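This report refers to the structure that appears directly beneath it.
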There are 2 protein chains.
Amino acid sequence: MRISQLSAESGVPIPTIKYYLREGLLPQGEQTSATRAEYGPAHLRRLRLIRALLEVGRVPVAAIRRVIEAVEDERTDVHTMLGTAHYALASPPEPHSAGDEEWTRARDDVDRLIAGLGWRVGPFAPGRDELAQTLVTLERLGMPATDADLLVYARTAMDLARDHEMGKIPFDGPRDVAVETLVICTVMYGKALDVFRRLAHESESARILEA
Amino acid sequence: MRISQLSAESGVPIPTIKYYLREGLLPQGEQTSATRAEYGPAHLRRLRLIRALLEVGRVPVAAIRRVIEAVEDERTDVHTMLGTAHYALASPPEPHSAGDEEWTRARDDVDRLIAGLGWRVGPFAPGRDELAQTLVTLERLGMPATDADLLVYARTAMDLARDHEMGKIPFDGPRDVAVETLVICTVMYGKALDVFRRLAHESESARILEA
DNA sequence: TACTAATGGATAGCCCGACTATCCAGCGTG
DNA sequence: CACGCTGGATAGTCGGGCTATCCATTAGTA
């Protein structure tokens, strides 16, 4: 398959495909001569993954590249690779001053919460900081989150992960498929959940206010 | 309170505050003379809301403005106002060609699903299109979502909304507080849920792969 | 009363991220 | 052998979210 065909099948313009090649999101095609390269179904597949993450997940190109680098580093084991991919999807919180009391306390709360749940989460998981930032923000807004509230969300997330999501991941298959599935699952069903939540709010609001 | 004090208390630089004033995110202060204006606690509160939506929710400035316009339009009733605010938070999907078969089918699936759940959602709720786009994307990725999958997420969202979220909204209080609470709740707990999901994935991955 | 620093208002510029446009030399098929 | 497409490189565009500069005015302070 030549680049024009790749473009036609995916709907992505040729200059954009070249951009993805430059950025390392898409592997180079197999060179058949100085001015020809051959692309295969794997490229089409990768291209669809990129567009899905960009358009539905609003994942920045730099984060997609980090995910892909995790896949292509053959030295790491599957768990590390999944972890790296997952960490790459995080959106780093605003930098905060190191000695921020409020912030340190929130971060401690998060660590205690995760420990209390018995979750096996790395000490440097970016989610810890993201959650701490969210807690600080809620406090500043005058609506501090209670532990009970947080536990509800944590358990909801774990129920979904355990019963409906991790089961889809083919751990025994090729490593790239495992990562790809994990990322798709995280991003796409994350989006779906987000949308359902907003729809549910609208529906409940209608029910309450029209009564 | 003068602008410099507003800046000091909120941590937002003065030029940025001026930018928000220009963009209509922040109401003008009360003019006390040609070159003086007085800002009150409401401004500080609004400023914190803006920063929360921007930093934690990654909500674009234009969407925040739409939310605020909904609040300030005194003519609409509370339900319409909440709806407008909610619609403003949606991230519109990529435009699709009108005659796209695949897309129309997905959109029908979404409408049927929502009707089947008995949810009271407006026919033009942007979430319908967002969900349709997500379904199309999942199909293109070769991992189509089943109705059973979607129902799990829908019910999870509704359980959270009914039992833990809508109860926090003070429908009987002033309208701006109701909208503000709804938006904060949607965005901040949405973020928390998202983070918890990623942490749960990591934890489950560790449990499965280290066994 | 003179001076200084801050204010509100306006305009223009900056930076980043995601493309998009142009150019060029070398194929390779008709 | 001509013409169109290819890969590769470089530069330009566009939108979003600020940020910098300037200016006339004026509240404090000396």
Side-chain angles (χ1 to χ4, degrees), chain A residues 1-40 43 46-47 49-68 88-89 91-95, chain B residues 1-40 43 46-47 49-68 88-89 91-95:
Chain A
M1 198 187 314
R2 290 185 273 296
I3 200 172
S4 56
Q5 215 174 334
L6 194 57
S7 166
E9 302 237 359
S10 63
V12 179
I14 291 178
T16 305
I17 294 178
K18 288 184 174 185
Y19 166 65
Y20 295 157
L21 285 165
R22 281 200 302 280
E23 292 296 312
L25 302 193
L26 204 55
Q28 301 292 331
E30 195 192 341
Q31 292 278 124
T32 61
S33 82
T35 66
R36 276 306 129 105
E38 185 70 13
Y39 302 91
H43 290 89
R46 170 67 63 82
L47 206 40
L49 175 66
I50 294 169
R51 298 303 282 191
L53 296 184
L54 278 173
E55 293 176 0
V56 179
R58 302 280 193 273
V59 180
V61 163
I64 300 178
R65 181 172 43 225
R66 286 199 299 274
V67 171
I68 284 165
L89 287 181
S91 56
E94 301 285 302
Chain B
M1 199 189 307
R2 294 187 275 293
I3 200 172
S4 57
Q5 216 174 335
L6 195 58
S7 165
E9 301 238 358
S10 64
V12 178
I14 291 179
T16 305
I17 295 178
K18 288 183 172 186
Y19 166 66
Y20 294 157
L21 285 166
R22 281 199 304 280
E23 293 294 314
L25 301 193
L26 204 55
Q28 300 292 333
E30 195 192 340
Q31 292 277 123
T32 61
S33 82
T35 66
R36 275 308 128 106
E38 185 70 15
Y39 302 91
H43 291 89
R46 170 67 63 81
L47 206 39
L49 175 65
I50 294 169
R51 298 302 284 193
L53 296 184
L54 279 172
E55 293 176 359
V56 178
R58 301 285 194 266
V59 179
V61 163
I64 300 178
R65 182 172 41 225
R66 287 198 299 274
V67 171
I68 284 165
L89 287 180
S91 56
E94 301 285 302

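All values below were derived from every heavy atom in this structure, side-chain atoms included, with hydrogens, water molecules and symmetry-related copies excluded. This one's a predicted model, so the numbers in the text were calculated from it and none came from an experiment. Chain letters run A, B, ... following the sequence lines, proteins first and then strands; every chain starts at 1.
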Nucleic acid contacts of residues 21-40 of chain B, taken as heavy-atom distances under 4.0 Å to DNA chain D: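 Output list: Arg22(B), Ser33(B), Ala34(B), Thr35(B), Arg36(B).
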Donor-acceptor side-chain pairing of Arg46(B) and Tyr39(B) below 3.5 angstrom: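 Per modelled atom types, Arg46(B) and Tyr39(B) side chains form no pair under 3.5 Å.
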For Glu38(A), look at atom CD and say whether over 12 heavy atoms of other residues, nucleotides or ligands are found less than 6.0 Å away.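 Count over threshold, so yes.
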Residue Gln31(A) excluded, over 12 heavy atoms near CD under 6.0 Å: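 Counting other residues, nucleotides and ligands, CD of Gln31(A) exceeds 12 neighbours.
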Starting at [atom1] of [X] and ending at [atom2] of [N], how long is that distance when rounded to a whole Å?
X	N	atom1	atom2	result
Ile14(B)	dT19(D)	CD1	C1'	13 Å
Gln5(B)	dA27(D)	CD	C1'	15 Å
Tyr19(A)	dT20(C)	OH	P	10 Å
Lys18(A)	dC23(C)	NZ	P	13 Å
Ile50(B)	dG17(D)	CD1	C1'	13 Å
Leu6(A)	dT6(D)	CG	P	11 Å
Arg2(A)	dG4(D)	CZ	C1'	12 Å
His43(A)	dG7(D)	NE2	C1'	13 Å

Heavy-atom closest pair, residues [X] and [Y]:
X	Y	answer
Ser4(B)	Ile14(B)	CA-CD1, 3.9 Å
Pro27(B)	Leu21(B)	O-CD2, 3.3 Å
Ile64(B)	Ile50(B)	CD1-O, 4.0 Å
Gly29(A)	Ala37(A)	C-CB, 4.2 Å

Closer than 4.0 Å, any side-chain N/O of Tyr20(B) to the OP1 or OP2 of dG17(D)?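 Answer is no, no contact under 4.0 Å.
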What residues from residues 58-67 of chain A pass a heavy-atom cutoff of under 4.0 Å to DNA chain C?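 Per residue number, the list reads Pro60(A), Val61(A).
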Any non-hydrogen side-chain atom of [X] less than 4.5 Å from a side-chain atom of [Y]?
X	Y	result
Arg58(B)	Ser91(A)	yes
Lys18(A)	Ile3(A)	yes
Val59(B)	Arg66(B)	no

Do the side chain of Arg65(A) and the main chain of Gly24(A) share a donor and acceptor less than 3.5 angstrom apart?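 Pair absent, no side-chain N/O of Arg65(A) close to backbone of Gly24(A).
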Using five base pairs at each end, measure the axis-to-axis angle across the helix from dT1(C)-dA30(D) to dG30(C)-dC1(D) and round it to 10 degrees.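 End axes: 10° apart.
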